[in-house]
Amino acid sequence: MKLNIALLAGDGIGPEVIDQAVKVCNAIAVKYQHDLNWRPALTGAAAIDAVGDPYPDETHEICASSDAVLFGAIGHPRFDNDPSAKVRPEQGLLKMRQKLGLFANVRPTFTFPSLIDKSPLKRERIEGTDLVFLRELTGGIYFGKRGRKDNGNTAYDTCTYTRKEVQRLATKGFEMAMKRSKKLCCVDKANVLESSRLWRETVQAMEKDYPEVTVSYEFVDAVAMRLVQWPKAYDVLITENLFGDILTDEASVISGSMGLMPSASIGDTIGLYEPIHGSYPQATGKDIANPLATVLSAAMMFEDFNLTEEAQAIRDVVNRSLSEGIVTEDLADGEKSYKTSEVGDWLAKNL
Ligand code: IPM
Ligand code: MG
């Protein structure tokens, strides 16, 4: 298969972890005879510095004309500590999601047999967890009307959803549930919010089209609690943008390390694949960041091209690296640790 892949390394540790994913993908390309054409482009603080825009038009053109986007991380402390900054790296991410129509963010949560005791949660509660969040990504409070009034003394952000937006996200949820254990949980706050009532009503109306799927409706606060109490209760969860942002960070605790969790953002055409961790500024340039979340995001990319064997090969070699202790310092427990680049080399070689 010939694939054009836009390569957006971004900020902080982004470039370092992306390098390792590229090594792994190139090894896959050799092994399975694919032709990968990498198309680097600027985004985030790096793009602000270069051209004053965190998601320049040129980058958008490269992404929109590629088959997929592999993304590192975005964000720089210089902007975090300056609430008055007019342009922020994160705006690039939001603009990119919107312009590429990436309305669903897929965030799986699973455990790694060799790392189960890394999680702050008890083994018996998390062992065997295998759930996936589908977070709506281009609507809700992230994109609603916001502003200040009363001379800046009152601020507001609004959460708006249309039935169509809910339907297209829920359709992905039902489809995913059909491929898994046919269980879908709709997470909302329908006891308070009108937008949540629209979500619930829309999903309820869709149930008849998927008679095999059992749907539950749960309030977001209760899900926040049950998620760490008994994550095995869940399989596919669908939710709106902000609830999904919060719950998916919470869910990453189950796996024991944020450095391991991949994600995909999908729409009707192109997909974007990125680790869920951020730009980890303190580690920038030190060759110590854990590249596995990015490598596993690349596995999700192959999966979406129906290259199932390739995806599985990546997951297998990642599991082998973990059980053989070829890990970065965050997972080393004071034992011997490896550099980011060494882990990447090992994975590529052992594929
Ligand atoms: C995420 C991040 C982003 C979000 C930020 C960086 C804008 O937290 O991808 O979850 O809130 O969506
Ligand atoms: Mg987040």
Side-chain angles (χ1 to χ4, degrees), residues 8-14 17-18 43-48 53-55 59 63 69-83 85-109 131-144 146 157-161 165 169 187 220 223-224 227-228 237-255 257-267 270-284 289 293-294 296-297 300-301:
L8 273 49
D11 303 321
I13 57 165
V17 292
I18 279 284
T43 183
I48 297 179
D53 182 346
Y55 185 60
T59 299
C63 292
V69 182
L70 193 61
F71 186 86
I74 219 167
H76 194 283
R78 165 170 115 233
F79 298 90
D80 295 342
N81 304 326
D82 176 12
K86 287 263 173 312
V87 210
R88 318 177 66 81
E90 289 80 4
Q91 287 165 348
L93 193 57
L94 301 181
K95 192 169 154 196
M96 176 164 68
R97 288 171 180 170
Q98 198 172 40
K99 287 186 82 170
L100 293 172
L102 306 171
F103 62 82
N105 186 221
V106 185
R107 293 193 176 181
T109 295
L131 57 86
V132 51
F133 271 96
L134 268 162
R135 163 189 174 195
E136 202 289 329
L137 205 55
T138 52
I141 203 166
Y142 272 62
F143 292 91
R146 73 179 95 251
D157 298 273
T158 49
C159 177
T160 306
Y161 270 107
E165 285 172 323
L169 192 273
V187 184
V220 60
V223 174
L227 195 55
V228 284
L237 301 100
I238 53 174
T239 192
E240 65 92 50
N241 205 340
L242 181 61
F243 296 163
D245 179 47
I246 298 167
L247 291 178
T248 51
D249 266 26
E250 188 192 351
S252 73
V253 173
I254 297 167
S255 74
S257 167
M258 241 203 180
L260 292 169
M261 287 289 112
S263 81
S265 299
I266 54 177
I270 199 171
L272 176 141
Y273 302 85
E274 64 172 315
I276 80 159
H277 61 67
S279 57
Y280 193 12
Q282 308 87 309
T284 306
T294 314
L296 290 169
S297 300
M300 289 182 84
M301 174 178 81

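Indexing begins at 1, ligand by ligand and atom by atom, following the structure's order.
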Stepwise side chain to side chain contact (heavy atoms under 4.5 Å, CB included) test for Leu247 and Val223: CA-CA 8 Å; Leu247 291 178; Val223 174; 4.0 Å; yes
Side chain to side chain contact (heavy atoms under 4.5 Å, CB included) between Val228 and Glu250, intermediate numbers included: CA-CA 8 Å; Val228 284; Glu250 188 192 351; 3.4 Å; yes
Candidate pair Asp53 and Lys95, rule salt bridge (Lys or Arg N to Asp or Glu O under 4.0 Å), full reasoning: CA-CA 10 Å; Asp53 182 346; Lys95 192 169 154 196; 3.0 Å; yes
Step-by-step side chain to side chain contact (heavy atoms under 4.5 Å, CB included) determination, Phe143 to Asp157: CA-CA 9 Å; Phe143 292 91; Asp157 298 273; over 6 Å; no
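Separation of atoms CE (Met300) and CG (Leu272) is listed at 11.0 Å; rounding is to 0.5 Å. For the atom pair Asn105 CG and Arg97 CZ, the distance stands at 6.0 Å (nearest 0.5 Å). We find the CD-OG1 distance between Glu165 and Thr138 to be 6.0 Å, quoted to the nearest 0.5 Å.
When the shell of 6.0 Å around CZ of Phe103 is examined, it contains more than 12 heavy atoms from other residues, nucleotides or ligands.
With a cut-off of 2.8 Å, the protein N/O/S atoms near the Mg ion (ligand 2) add up to 1.
When only modelled atom types and interatomic distance are considered, Tyr142 and Asp245 share a side-chain donor-acceptor pair under 3.5 Å.
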Under a 3.5 Å threshold, I'd like every N/O contact between ligand 1 and protein atoms, with atom names and distance.
| residue | atom | partner | partner atom | Å |
| --- | --- | --- | --- | --- |
| ligand 1 | 8 (O) | Asp245 | OD1 | 3.3 |
| ligand 1 | 9 (O) | Arg97 | NH2 | 2.7 |
| ligand 1 | 9 (O) | Arg107 | NH2 | 3.1 |
| ligand 1 | 10 (O) | Arg107 | NH2 | 2.9 |
| ligand 1 | 10 (O) | Arg135 | NH1 | 3.2 |
| ligand 1 | 10 (O) | Asp245 | OD1 | 2.9 |
| ligand 1 | 11 (O) | Tyr142 | OH | 2.5 |
| ligand 1 | 11 (O) | Asp245 | OD1 | 3.4 |
| ligand 1 | 12 (O) | Arg97 | NH1 | 2.7 |
| ligand 1 | 12 (O) | Arg135 | NH1 | 3.4 |
| ligand 1 | 12 (O) | Arg135 | NH2 | 2.8 |

